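Residue numbers run from 1 in the order of the sequence given. Note that ligands are numbered from 1 as they come in the structure, with each ligand's atoms numbered from 1 the same way. As the structure is a computational prediction, the values presented were derived from the model and not from experiment.
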Amino acid sequence: MRFDVITLMPSMFDALTGEGVVGRAIGRGVAELRLWNPRDYTTDVHRTVDDRPYGGGPGMVMKYRPLQQAVESALAQAGTAKVICLSPQGTAFDQHRARAIAESRLPLLLIAGRYEGIDERIIERYVDEEWSIGDYVLSGGELAAMVVLDAVIRLLPGALGDADSARQDSFADGLLDCPHYTRPDEIDGMPVPAVLRSGNHQAIRRWRLQQALRRTGERRPDLLQGRRMTAEEETLLAEIIAASGDAEQTQEQ
Ligand code: 9D3
């Protein structure tokens with residue numbers, strides 16, 4: 001699958017491509033990443049890519065022409081692509097979107113802005129969708145673009161080892177993960193939960209599912225809202241709620 005990114009800071013992407021799952025996927029030809037720098041399309045001696053905002057105010061805006069030339073060059077090579085602008089004003093990027101993009105296999109062109117933003121006419125003419133990665137302020141779109149790339153590329157066939165690929169299918173969907181432990185079985189006075197050493201695979205599976213439900217209920221109750229529950233999940237959740245009621249009783253005594 002082909003990915004193109006428009007960025008004034010192409011070297012930031014070395015962090016993504018140098019090692020790890022994404023680096024290997026690119027090395028194997030599962031994903032192909034091309035970077036396009038608007039500065040390479042400037043024609044003035046200062047290689048100007050930004051200018052002051054019409055209407056006044058603080059900060060600078062990415063100029064139309066160098067950005068437009070970079071987008072046109074990328075599209076000429078990629079053919080048709082879905083064009084996404086990373087923006088604090090975008091709709092929320094999530095796992096559903098990552099999956100949809102990975103499954104479509106269509107070339108993706110990401111625009112990572114700097115400064116206060118990009119000239120709106122680029123968005124009008126070229127951009128299909130604007131995506132945000134969350135409610136916090138970044139210094140530019142590059143880290144957001146890398147988040148999208150990482151989330152999509154790891155889903156492509158051949159990106160992960162066989163074991164990890166199988167795990168993706170079997171994971172209790174829509175829940176936070178359960179706690180994990182490895183050797184030794186006791187360290188600094190802290191034991192591994194006995195059930196995990198019992199060899200009782202049914203009990204282990206139930207414990208893990210219950211821990212996942214507990215954590216999700218405590219930390220991300222929004223994820224449980226509107227999620228279909230199996231009869232087993234209902235039972236495990238009822239146990240958690242009963243146990244937390246007991247804990248409160250104990251506190252009051
Ligand atoms: C004062 C108005 N700010 C908009 C909320 C200015 C501003 C902040 C941060 C303009 C650009 C940026 C740079 N951020 C991104 O390009 C960005 C981003 C982010 O900051 N948070 C979450 N997702 C994203 S996607 C791109």
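- Among the candidates Asp51, Leu8, Val61, the single residue satisfying the side-chain contact (heavy atoms from CB on, under 4.5 Å) test with Tyr115 is Leu8.
- In Arg114, neither the side chain nor the backbone holds a heavy atom less than 4.0 Å from any atom of ligand 1.
- Taking distance alone, with nitrogen or oxygen atoms compared against 3.5 Å, Gly141 approaches ligand 1 more closely than that limit.
- Distances from atom 21 (N) of ligand 1 to the heavy atoms of Phe93, Tyr136, Tyr115 show the closest one on Tyr136.
- Salt-bridge formation is detected for the pair Arg197/Asp185: a Lys NZ or Arg NE/NH1/NH2 atom is positioned less than 4.0 Å from an Asp or Glu carboxylate oxygen.
- Checked against a 3.5 angstrom limit, the closest N/O atoms of Pro88 and ligand 1 fall outside it.
- Here the side chain of Thr42 pairs no donor or acceptor atom with the backbone of Pro38 at under 3.5 angstrom.
- Looking at Ala144 next to ligand 1, no N or O pair under 3.5 Å apart turns up.
- Ion pairing between Glu103 and Arg105 fails under the 4.0 Å rule for side-chain N and carboxylate O.
- Under the 4.0 Å criterion applied to side-chain N and carboxylate O atoms, Glu233 and Arg227 are assigned as salt-bridge partners.
- If you check each of Ser139, Gly134, Gly140 against atom 22 (C) of ligand 1, the one with the closest non-hydrogen atom is Gly134.
- If you check which protein heavy atom lies closest to atom 6 (C) of ligand 1, you get Glu116 OE1, 3.3 Å.
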